[in-house]
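I have placed the structure first, in the form of structure tokens, so that the comments after it can refer back to it.
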Amino acid sequence: MPEVKEKKIETLSDVTVRFAGDSGDGMQLTGTQFSDTTAWVGNDLSTLPDYPAEIRAPAGTLYGVSGFQLHFSSSDVNTPGDVPDVLVAMNPAALKKNLPELRPNGTIIVNTDSFDPKNLKLANYERNPLEDDTLNGYHVHEVPITSLTKNALEDSSLSLKEVSRCKNFFALGIMYWLYNRPLEKTEEWLKIKFKNKPELAEGNIKAMKSGYNFGEITEIFTTRYKVDPANLPKGTYRNISGNEATALGFLTASVKSNLPIFLGSYPITPASDILQYLSNYKNFGVKTMQAEDEIAGITAALGAAFTGHLALTSTSGPGMALKAEAIGLAVMTELPIVIVNVQRGGPSTGLPTKTEQADLLQAFCGRNGESPVCVIAAQTPRDCFYQAIEAARIALKFMTPVILLTDGYIANGSEPWRIPDIEDLPDVHKEFRTEKEGFFPYIRDENLARPWAIPGTPGLEHRIGGLETDDITGNINYEPDNHDKMVRIRNQKIQNIANDISDLKVYGDDSGDLLVLGWGGTYGTLKDAVHLARKNGYKVSHAHLRHINPFPKNTKDVLKSYSKVLIPEINLGQLASLIKSEFLIEVEQQNLVRGLPFKTEDVLGKITELLGGNNGK
Amino acid sequence: MANNSEVQTIKLTAKDYKSDQDVRWCPGCGDYSILAQVQRTLPDIIEKEKAKVVWVSGIGCSSRIPYYINTYGFHGIHGRAPAIATGVKVANPELDVWVATGDGDLLSIGGNHFIHTCRRNVDLKILLFNNRIYGLTKGQYSPTSEKGKITKTSPYGSVDYPFNPISLAIGSGATFVARAIDVNPKHLQEMIKRAGGHKGTAFLEIYQNCNIFNDGAFSLLTDKDTKDDNILYLEHGKPMVFGKDLDKGIKLDGTKPIIVDLTTGSFTKDDILVHDEFSAEPILAMILAHITDDPAFPTPIGVFRQIQKETYDGAIASQIDFVTEKRGKGDLKKALFGANTWEVN
């Protein structure tokens, strides 16, 4: 055994790691384990999985590469990181695909065993990049991960195939050693995961420990790193993804309102998780219906809304298109329902596993007739929890459909979440109408909401439907004046929501040279970019809209307090066009529609470009 | 001693099921009879209060019916009534949920919801008003119009084969499948009652005359001179005989149905096929469904099939009970905490 040299320990404040390999290599799992342990040791973090639309694309190909990025720090983390500092590449395709994004001078750990002629060819490498100058300028650690895993498990009862599938845990072990993380969380997890196959748990644990020990003894690594715990507010934390947060937000709204959930949904990437999560909570009385199609999902939910349930439907862009007519029916019948759109790249099937913000105008206008709905957008994975509650609260209070927009980036991304006290969360409730005296289906309260009289209530029998109704009585009415009146009432009801929501908050100064205005999943990136620009002396602030229809009441005042407004969006300017038409102001736009989140440096560059001239420094 | 605490229920009448809205179908439309038979029958079917009755519909002439029945009603969008009704029933399985729909609504734009409702055996009563034409859009061929039908959109004759709705319902797993005719009120009432009493997806096809756009579509079955030779009344346990003097019958030759003459002496009633509504196998019901399409055969009217199996709404409710018993009533705090937490001090 070689003499083990004492290794240097260097303290870092901020690291971005990307695990990349074949879609069958278990990279999502490896990344998730690294995240859980990293959260547990007290770092703030943010993650971003990046996987192909094909479930198991042919092994070794470029389009079969699956990645998981993780940004962790001893201070505040708002994004999964622009550029990785470290790349773990399990095969040549993973190296080829991810190398262009690695920070210059970054660190690469490669599994040399997979750099054989066949895999090199599949990755379109003419020469072995480990043997030419491709990797000059990077810190490359060449590790024969597959054969080291086999050696470590040679006494194991596992089959050769099973042994080979433990190699991601060997790689994880190396990373745990490199960043000074404990193994126990992952050990516990493996024991539970393979409760019925203890030999698999043991094999993976052994592979992980061997990877860790390899870091310790090998001369390949001379330095290991320390990232101190972040200074997070006191409390109990967990990691949470946006889709899980959305599901838990609805569950909370259900408990708070004492209304059982009915979720009608059809599986679609990247929204299926919401249906999956909620179908676990049967003991909360949650009713989930995996419908025959998107339309059945929402129309069944509308039937349940009529019958007094907290009605939900979840989907992504193509599904939204199919649900459009039924959302119109919800507008007309004034029933409470929340429609979640986890946005993905479009149009049509588009980029199913990639993120985009291009469904905002669809949410606003994607129906026939004057068909106003409330639109809310969540901005981070954990914010999905609060916005799901907010969407349910508004739907019930105002008897209206509410569209909740999230996106693939925050839906699949995860971050630590300080679990709130249930008592501190907003009140969500709606009383059913039971009083016969003075009942009409379309009489209205002070907010213009109509009563919710559910089937089974004696004496309140009434009919609703998609035809234009008489105000008050709800009978069919095609009279010109009545239609004009009803169109305005339905619109005013949505506008009234502005009296019931919080103001648009500004990060930075209340006035200045530039306001960066965003919505949805770009929150973390814009916040980081503005933070850096302010550090550089620019008079720039950041505001992020959660309520988009209606806008918060102070939106106009906020916009008018800055010389310029920049709206970065992952679309061609959808919020920008709404802001321009609503407030009659000029705005600057930044639009990148690449299926990827913005990078902080992109936005910082734009801020600098806009303010460079007037020497904001 | 009589139990005085029991609530005395007052028997409702057809009048109680009439709403205050004017009925707006064309004069002479078959829908009037269907509405009347529904209103006459509901008091006999519904043992509960009428607040527990919900009528759901899609789009088309038939789908206006909820406005005319004084219960809870939901006039939905085209084709989606079975899905809306599924949501209503699952949300509250105690409700009696009825779907009123037409051949375009249920079998064309809503075909997917129809087959999946049957597949799931949702406890809904689906009344299909089949007039074999698009009425509300003023006369285009429908998915039950006969091939070659000349309409505004098929001036040279439609080239589409029609659906056989009974066959489709049986094939999709409906647990009660029957047929009636609008102008045969007694029989229609009986079929509505049978459908209403069934637990599971009950499908009742009602031949309904559209006197404006497809007048006489069922005249062979309704004209005095022709109806006896063209209708086969299905009755459980009875031989399948028809004709004015009940002198013709259906016999099986292998799996092939044939018509036999009972007057020649070659065949007696004992040779005739006996109807079995409750057969576990769908074969007999399917044979009967398909002779509808053969002009040589009479059209079967009555109950084709009735079987029992667990309903979708019932299964959802019992699964919730089962999981709640097994795992205990949901604890929100536990759910929010999940499996993996850590403390920051």
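Values below: every heavy atom of this structure, side chains too, minus hydrogens, waters and symmetry copies. In the text below, chain A, chain B and the rest are named by the order of the sequence lines, each starting its count at 1.
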- Contact class of Ala245(A) relative to chain B, heavy atoms under 4.5 angstrom: neither
- Examine the side chains of Asn477(A) and Glu468(A) and answer whether a donor and an acceptor come within less than 3.5 Å of each other. no
- Task: Measure Ile192(A) against the heavy atoms of chain B and call it side chain, backbone, both or neither at under 4.5 Å.
- Result: neither
- Item | Distance-only polar pair, side chains of Thr307(A) and Asn92(B), donor-acceptor under 3.5 Å | no
- If one checks every heavy atom of Ile69(B) against chain A at 4.5 Å, the contacting part turns out to be backbone
- Item | Contact origin within Glu343(B) toward chain A - heavy atom pairs under 4.5 Å | both
- Message: At a heavy-atom distance under 4.5 Å, which candidate from Pro66(B), Ala335(B), Ala339(B) has the highest pair count against chain A?
- Response: Ala335(B)
- Contact class of Leu329(A) relative to chain B, heavy atoms under 4.5 angstrom: side chain
- Residue Val54(B) versus chain A: region with a heavy atom under 4.5 Å: side chain
- What residue, out of Val90(B), Val97(B), Thr117(B), has the most heavy-atom pairs lying under 4.5 Å from chain A? Val90(B)
- Query: For Lys234(A), does its backbone N or O pair with a side-chain atom of Asn345(B) as donor and acceptor, under 3.5 Å?
  - Reply: no
- Message: Looking only at the side chains, is there a donor atom on one of Ser73(A) and Asp44(A) sitting less than 3.5 Å from an acceptor on the other?
- Response: no
- Query: When you check the side-chain N and O atoms of Asp470(A) and Asn475(A), is any donor under 3.5 Å from an acceptor?
  - Reply: no
- Residues Thr137(B) and Gln140(B): side-chain donor-acceptor under 3.5 angstrom: yes
- Note on the structure: Whatever's closer than 4.5 Å to a heavy atom in chain A on Ile320(B) counts as both
- Item | Flag if over 12 foreign heavy atoms under 6.0 Å of CZ, Phe432(A) | yes
- Message: Using salt bridge (Lys or Arg N to Asp or Glu O under 4.0 Å), reason through Lys18(B) and Asp20(B) one step at a time and then give a plain yes or no.
- Response: CA-CA 7 Å; Lys18(B) 281 183 184 148; Asp20(B) 59 356; over 6 Å; no
- Verify whether one side chain among Lys185(A) and Asn340(B) offers a donor that lies under 3.5 Å from an acceptor in the other. yes
- Task: Please flag which part of Val286(A) lies under 4.5 Å from any non-hydrogen atom of chain B: side chain, backbone, both or neither.
- Result: backbone
- Task: Find the one option among Leu251(A), Leu232(A), Ile295(A) whose heavy-atom pairs under 4.5 Å with chain B are most numerous.
- Result: Ile295(A)
- Message: Using the ring centroid of each side chain, check whether Tyr68(B) and Tyr17(B) are separated by less than 6.0 Å.
- Response: no
- Is there a donor in the side chain of Thr38(A) and an acceptor in the side chain of Arg181(A), or the other way round, less than 3.5 Å apart? yes
- Message: Can you tell me which of Lys329(B), Gln21(B), Gln319(B), Lys333(B) forms the most heavy-atom pairs within a distance under 4.5 Å of chain A?
- Response: Gln21(B)
- Kindly determine whether Trp417(A) and Phe385(A) satisfy ring pair (Phe, Tyr, Trp, His ring centres under 6.0 Å), including the steps that lead there. CA-CA 10 Å; Trp417(A) 175 46; Phe385(A) 174 79; 4.7 Å; yes
- Considering only heavy atoms, which portion of Ala326(A) lies under 4.5 Å from any heavy atom of chain B: side chain, backbone, both, or neither? both
- Heavy-atom contact with chain B under 4.5 Å, split by part of Pro233(A): backbone
- Item | Which of Ile115(B), Thr71(B), Thr86(B) touches chain A most, by non-hydrogen pairs under 4.5 Å | Thr71(B)
- Item | Among the listed options Thr333(A), Ile240(A), Leu302(A), Ile454(A), the residue most often paired with chain B at heavy-atom distances under 4.5 Å | Ile454(A)
- Part of Phe337(B) lying under 4.5 Å from any heavy atom of chain A: both
- Tell me, yes or no, whether the heavy-atom count around Asp44(B) atom CG, taken from other residues, nucleotides or ligands under 6.0 Å, exceeds 12. yes
- Output the option from Thr324(B), Asp331(B), Val344(B) having the highest count of non-hydrogen pairs under 4.5 Å with chain A. Val344(B)
- With a 4.5 angstrom heavy-atom cut-off, which part of Asp321(B) approaches chain A: side chain, backbone, both or neither? neither
- Check each atom of Arg119(B) against the heavy atoms of chain A and say whether the ones under 4.5 Å are side chain, backbone, both or neither. neither
- Task: Mind ranking Trp189(A), Phe262(A), Phe306(A) by heavy-atom pairs under 4.5 Å with chain B and telling me who comes out on top?
- Result: Phe306(A)
- Message: Less than 4.5 Å to any heavy atom of chain B: does that hold for the side chain of Leu310(A), its backbone, both, or neither?
- Response: neither
- Item | Pair Trp98(B) and Trp55(B), ring centroids less than 6.0 Å apart | yes
- May I ask you to decide if Gln276(A)'s main-chain N or O and Ser279(A)'s side chain share a donor-acceptor pair within less than 3.5 Å? yes
- Task: Under 4.5 Å, counting heavy-atom pairs only, tell me which of Arg418(A), Arg238(A), Met289(A) racks up the most with chain B.
- Result: Arg238(A)
- With a 4.5 Å cut-off on heavy-atom pairs, point out which of Ala291(A), Ala296(A), Pro229(A) contacts chain B the most. Ala296(A)
- If you count heavy-atom pairs under 4.5 Å between each of Glu292(A), His462(A), Lys282(A) and chain B, which one has the most? Glu292(A)
